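When a residue number appears, it is its place in the shown sequence, counting from 1. Atoms within a ligand are numbered from 1 in the order they appear, just like the ligands themselves. Keep in mind that this is a model prediction, so the values were computed, not measured.
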Amino acid sequence: MSAKNPDRVVIVGGGTAGWMTASYLKAAFGDRLSVTLVESGKIGTIGVGEATFSDIRHFFEFLDLKEEDWMPACNATYKLAVRFEDWRGPGHHFYHPFEQLRSAGGFPLTDWWLRNGPSERFDKDCFVMASLCDNGRSPRRLDGSLLDQDFAEGAGDPAGLTMSEHQGKTQFPYAYHFEAALLAEYLAGYSIDRGVRRIVDEVRHVRLDERGWIDHVVTKEHGQIHGDLFVDCTGFRGVLLNQALDVPFVSYQDTLPNDSAVALQVPLDTEKAGLRPCTTATAQKAGWIWTIPLIGRIGTGYVYAKDYCEQEEAERTLREFAGPGAAEVEANHIRMRIGRSEQSWKNNCVAVGLSSGFVEPLESTGIFFIHHAIEQLVKHFPAADWHPRLRERYNSAVANVMDGVREFLVVHYKGAARDDTRYWKDTKTRAMPDALAERIERWQVQLPDSENVFPYYHGLPPYSYMCVLLGTGGIPLRPSSALNLSDETAARKEFAAIRDKAKFLVDTLPSQYEYLAELRA
Ligand SMILES: Cc1cc2nc3c(=O)[nH]c(=O)nc-3n(C[C@H](O)[C@H](O)[C@H](O)COP(=O)(O)OP(=O)(O)OC[C@H]3O[C@@H](n4cnc5c(N)ncnc54)[C@H](O)[C@@H]3O)c2cc1C
Ligand SMILES: N[C@@H](Cc1c[nH]c2cc(Cl)ccc12)C(=O)O
């Protein structure tokens, strides 16, 4: 056992996970930590991964990066919500926004809405963001100020807290869309400027010592690369953790059958088309299509289950959906490994990114998983004794985040009212994660709250569950019985205030295109 604290990190993989890890570790430990990143020049990155959680702002803040520093370089746009289309039935849409749910008389507005909502749109009645999305508004004014002082940036949040310690405080009003490859490139420049050594080469062998810990990796042209801690960012291959250290992979496929995707990058005249400030997930016969508006192009892709749809049919469906602008664009077909490694940290090897785990991008969680993993790695960084408790706590936090998100995604399918194809019919009878069936039973009598959703931190607050259940429409819900005896004056006032604020914001905010054109000028 080494007598010194580990201070040499070797990262294998140069995708979003690799460069997010390298840049964050450098920002955390500076020159006290040596970081080497090895990435193959021949094995491509996954090439997708463009929408995020709002928490990602803490990543950029930690690196001391402002929006004007990185957004133009990554063709980035704002994301106020996910817009779900055709999940309840043809022509229906609803939003899952970045906006705290208000209460009246001690009960969430959604309870009051179920009892006697002002309209058939719970999202427009309970959240201002739904109106901003419907009208293509920017979350910032042309002077750069945020849309509303209610969303004060970081108000009262001490700097440096991890995401899990932020949840439940001010819900920041937006996330981002960006070109994954451009972000990786930007972070590579940031990292190399701060002393990260980049080696473009393929790792051919992983050499273990007598304890089964990684002693070094052997590359094709740069020989042996030694280190103390090895970070596996090799994507779905899991070259270090799953292959060399033989850590099993726990599949989620029995509950989430979507295992394939086909993606297109469709050129876009942004000025002519405008910029919808949200990700769109449009339900299809055997899955759903994502639409992510970027500067200059639309990122779009069909996530589907190969047991219900051949890849040729999936590509045809996507091309028809994307329209003539996609005619000359090459399709990127992807097989997705759905699930997580049994443990993401074994001995002196930590997996971050697809090598650690992945679920379909329905709620844009891949980069959230990376960010969470890196924060937790810093929080549990080993000392000379490599205390196993640190690894155990890390593995538990990472496993819970992925298991919790998996459960949240299953709720989308269990709740989807549409049942027009074998795929959608099967969603209702498919296996569920343990305890979810009981949770769904309870939600039909008492809406989701902090006591009856997945019990460990997984990045999603109870109101996210409310949005999905109310939006998909397939699970019968009812308001708290206490409202039968409650005065609804306060709720009526709250609904009126939301309606008035939404109208004011739509009337006074610039379009997203107008704001970003200024930012890029
Ligand atoms: C269809 C799809 C849509 C997605 N959409 C989103 C989204 O909207 N939002 C989101 O947050 N996430 C999304 N994701 C997830 C996101 O793409 C990934 O989390 C992110 O790109 C991280 O990928 P990675 O760096 O782990 O792996 P990769 O991008 O696959 O990178 C792997 C790296 O390892 C290197 N490598 C592999 N083997 C070796 C070797 N032997 N030697 C040296 N180098 C090696 C490769 O060269 C590459 O650099 C999506 C994923 C898929 C599949
Ligand atoms: N911590 C997450 C939770 C969240 C709250 N609203 C949304 C909406 C969507 Cl589309 C994803 C995630 C979330 C965050 O603040 O990003």
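- Looking at heavy atoms from C-beta onward, Leu256 lies in side-chain contact with Leu409 at the 4.5 angstrom threshold.
- For atom 42 (N) of ligand 1, the closest non-hydrogen atom on the protein side is Val203 N, 2.9 Å.
- Looking at Gly357, Gly13, Ala180 and measuring to atom 34 (O) of ligand 1, the nearest heavy atom belongs to Gly13.
- Proximity of Pro361 to ligand 1, defined as any heavy-atom pair under 4.0 Å, is confined to the side chain (atoms from C-beta onward).
- Heavy atoms of Tyr463 approach ligand 2 to within less than 4.0 angstrom.
- Taking a 4.0 Å cut-off on heavy atoms, Thr279 fails to register as neighbouring ligand 1.
- Not a single ring pair (Phe, Tyr, Trp, His ring centres under 6.0 Å) links Phe249 to another residue, sequence neighbours left out.
- Glu99 places a side-chain N or O within 3.5 Å of a backbone atom of Val128 that can act as its donor or acceptor partner.
- Nearest residue to atom 16 (C) of ligand 1 from Leu362, Val48, Ile11 is Val48 (criterion: closest heavy atom).
- Polar contact with ligand 1: present for Leu354 (N/O pair, distance under 3.5 Å).
- In terms of N/O distances under 3.5 Å, ligand 2 is approached by Gln171.
- Cation-pi contact between Arg337 and Phe236: absent, since separation from the ring centre below 6.0 Å together with deviation from the ring axis within 45° is not met.
- On a distance-only criterion, Ala51 and ligand 1 share at least one N/O pair closer than 3.5 Å.
- Considering backbone and side-chain atoms alike, Asp55 places an N or O below 3.5 Å from some N or O of ligand 2.
- The closest non-hydrogen atom to atom 46 (C) of ligand 1, taken over Val217, Ile43, Val82, comes from Ile43.
- For atom 6 (C) of ligand 1, the nearest non-hydrogen atom of the protein is Gly49 CA, 3.2 Å.
- Checked against side-chain contact (heavy atoms from CB on, under 4.5 Å), Glu310 has the following partners two or more places apart in sequence or in another chain: Glu312.
- Of all the heavy atoms of Glu99, none lies under 4.0 Å from any atom of ligand 2, so neither backbone nor side chain is involved.
- Between the Asp123 side chain and the Gly471 main chain, no donor and acceptor come within less than 3.5 Å of each other.
- Ligand 2 lies nowhere less than 4.0 angstrom from a heavy atom belonging to Cys467.
- The protein non-hydrogen atom at the shortest distance from atom 44 (N) of ligand 1 is Ser40 N, 3.1 Å.
- What sits closest to atom 25 (O) of ligand 1 on the protein, heavy atoms only, is Ala17 N, 3.0 Å.
- Nearest residue to atom 33 (C) of ligand 1 from Gly235, Cys233, Gly44, Ala184 is Cys233 (criterion: closest heavy atom).
- Taking only non-hydrogen atoms, the option from Thr16, Ile367, Val262 nearest to atom 11 (O) of ligand 1 is Ile367.
- A donor-acceptor pair is defined here as one N or O able to donate and one able to accept, closer than 3.5 Å; such a pair exists between the side chain of Tyr302 and the backbone of Ala286.
- Trp290 counts as a contact of ligand 1, since one of its heavy atoms falls under 4.0 Å from the ligand.
- Within the 4.5 Å cutoff, the side chain of Ile289 has no heavy atoms near those of the Tyr304 side chain.
- Geometrically, ligand 2 and Phe53 share no nitrogen or oxygen pair separated by less than 3.5 Å.
- Partner of Tyr176 under the side chain to side chain donor-acceptor pair (under 3.5 Å) criterion, chosen from Lys79, Glu67, Glu50: Glu67.
- When only interatomic distances are considered, the shortest N/O to N/O separation between Gly366 and ligand 1 falls below 3.5 Å.
- Between Gly459 and ligand 2, at least one N/O pair is under 3.5 Å apart.
- Side chain of Asp449 to backbone of Glu451: a donor-acceptor contact under 3.5 angstrom is found.
- The protein heavy atom nearest to atom 22 (C) of ligand 1 is Ile370 CD1, 3.7 Å.
- Residue Gly14 has at least one nitrogen or oxygen atom sitting less than 3.5 Å from a nitrogen or oxygen atom of ligand 1, judged on distance alone.
- The single protein non-hydrogen atom nearest to atom 28 (P) of ligand 1 is Ile46 N, 3.7 Å, given as residue, atom name and distance.
- Considering Phe358, Tyr302, Phe178, Phe369 only, the shortest heavy-atom separation from atom 53 (C) of ligand 1 involves Phe358.
- In this structure, Phe60 has its ring center at least 6.0 angstrom away from the ring center of His58.
- With a 4.5 Å cut-off on side-chain heavy atoms, Thr280 and Val82 do not count as touching.
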